[in-house]
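One structure is given here, and the rest of the page talks about it.
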Amino acid sequence: MSNGIEQLGYMAFGVRDLAAWEAFMTRMLGLSVAQRLPDGAMTFRMDGHAQRFLVVPGEDDLAFVGWQCRDEAAARALAKRVSDAGIEVSEGTAAGAALRKVAGYVSFLDPAGNPIELAWGPVLAAEPFKSDFVGSGFKADELGLGHFVIRSKDREQGERFYCDVMGFKLSDHITCDLGGFKVDIAFLHINGRHHSLAIGGQLPHRLHHFMVEVNSMDDVGLAYDRANDLGMYIEQSLGRHPNDRMFSFYARTPSGFQFEFGWGGRVVDDEKWQPTTYYAISEWGHRRVPRPKPKTP
Ligand code: FE
């Protein structure tokens with residue numbers, strides 16, 4: 001696409017409990033460890049890329065996210081648009097590129113303060129990826145690692161930045177009232193994945209959730225069983241979204257923000273796509289799971 005971004009390349013989470021995250025990424029999500037760094041940081045594989053996720057010591061939140069650009073020239077052209085919009089863009093370092101397993105990158109803060117990077121030249125793995133838990137494998141590679149939902153000062157401002165400056169395309173909006181909480185989300189695409197990025201309003205973390213998608217419905221069911229067996233806090237039961245058609249559930253990561261584990265997401269054809277608005281977040285399901293009342297002593 002014209003903005004030069006090809007896909008969601010990598011995501012890094014700052015975490016307090018590295019051991020809990022290693023168990024979560026491998027046994028719950030079914031990823032594999034790619035690198036272990038001396039400071040305890042770890043990186044994880046899910047597909048043909050040498051790595052997709054980084055977990056680094058820090059506060060529990062999104063640490064940075066990398067949009068994979070077509071090449072260095074495309075990344076630098078986009079970086080110029082960002083700096084022309086009044087945002088300071090910093091050069092990446094050689095050590096940073098080695099950690100991210102890319103040829104290079106630049107970084108900046110979006111208008112809501114989210115740490116964003118434009119990267120080029122990802123290192124690909126020599127061996128195909130095979131998950132210990134997800135038999136069908138992840139739907140990633142050229143569609144990117146998945147999607148995520150971040151906060152903005154207000155949804156309109158966030159959408160304007162990502163569409164007008166960064167060149168994302170609007171897929172649709174969902175606006176509704178969810179138990180007294182106003183939901184107003186913009187879903188944006190940069191390739192065939194229905195959305196690689198969605199923008200909500202004010203949120204407690206930078207990140208509301210990130211999503212990984214697998215290639216079979218049964219692998220979502222098996223992941224739901226694992227989530228229960230591992231004692232994960234299920235935030236939303238199995239359900240289906242009306243816009244991207246994702247069949248999924250949500251649970252809490254060891255850092256408090258959520259993950260979505262899904263299958264069946266819609267692939268959009270940008271030539272024919274008409275943005276619409278939906279007035280419900282789910283067609284069915286995605287319910288709060290009833291929990292036993294805490295025992296009184
Ligand atoms: Fe999602």
Side-chain angles (χ1 to χ4, degrees), residues 7-8 10-11 13 24-25 28-31 46 52-53 61-62 65 67 114 134 138-140 143-152 155 158-159 162 168-176 178 181-215 217 219-221 223-224 227 232-253 255-268 275-289:
Q7 55 161 278
L8 176 54
Y10 53 85
M11 293 189 80
F13 307 124
F24 164 70
M25 293 296 256
M28 175 61 239
L29 295 190
L31 310 183
M46 72 181 325
R52 286 294 202 172
F53 290 96
D61 210 339
L62 179 68
V65 51
W67 295 104
N114 298 305
V134 178
F138 292 93
K139 189 170 171 180
L143 290 176
L145 67 81
H147 73 230
F148 64 100
V149 180
I150 45 166
R151 72 178 166 201
S152 58
R155 196 268 302 150
E159 183 180 331
Y162 279 98
F168 283 64
K169 299 283 194 331
L170 178 65
S171 301
D172 36 55
H173 290 114
I174 294 183
T175 170
C176 61
L178 205 64
F181 181 76
K182 187 171 160 36
V183 174
D184 180 23
I185 307 171
F187 296 84
L188 310 179
H189 62 269
I190 32 101
N191 58 29
R193 189 184 288 285
H194 172 275
H195 61 281
S196 294
L197 171 65
I199 297 168
Q202 303 278 349
L203 297 167
H205 293 86
R206 288 170 178 154
L207 194 63
H208 178 268
H209 73 268
F210 68 94
M211 189 247 16
V212 295
E213 184 175 7
V214 293
N215 289 313
M217 191 184 80
D219 273 324
V220 177
Y224 197 68
M232 308 286 303
Y233 190 102
I234 308 281
E235 295 272 5
Q236 296 180 47
S237 64
L238 291 163
R240 192 153 207 165
H241 290 301
N243 58 341
D244 67 352
R245 310 282 308 139
M246 194 72 74
F247 168 77
S248 62
F249 72 92
Y250 292 72
R252 209 174 273 185
T253 70
S255 292
F257 54 83
Q258 299 179 33
F259 71 95
E260 179 182 10
F261 199 100
W263 164 80
R266 175 185 268 182
V267 172
V268 307
T276 46
T277 300
Y278 294 84
Y279 299 97
I281 197 85
S282 303
E283 274 182 0
W284 58 268
H286 290 149
R287 299 285 177 90
R288 297 277 169 203
V289 180

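None of the values given here were measured: they were computed from a predicted structure. Just follow the structure's listing: the first ligand is 1, and inside any ligand the first atom is 1.
When side chains are defined from C-beta on, Trp67 counts as touching Ile190, because their heavy atoms get closer than 4.5 Å.
Note on His195: not counted as a metal contact of the Fe ion (ligand 1), no N/O/S atom lying under 2.8 Å. His241 lies apart from the Fe ion (ligand 1) in this respect, since none of its N, O or S atoms is found at a distance under 2.8 Å.
Taking a 6.0 Å sphere around CZ of Arg287, one finds it holds 12 or fewer heavy atoms contributed by other residues, nucleotides or ligands.
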- Message: Apply side-chain contact (heavy atoms from CB on, under 4.5 Å) to residues Phe259 and Val212 and explain how you reach the verdict.
- Response: CA-CA 8 Å; Phe259 71 95; Val212 295; 5.7 Å; no

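No side-chain donor-acceptor contact under 3.5 Å links Glu235 and His209.
Per residue Glu260, closest N, O or S atom to the Fe ion (ligand 1): atom name OE1.
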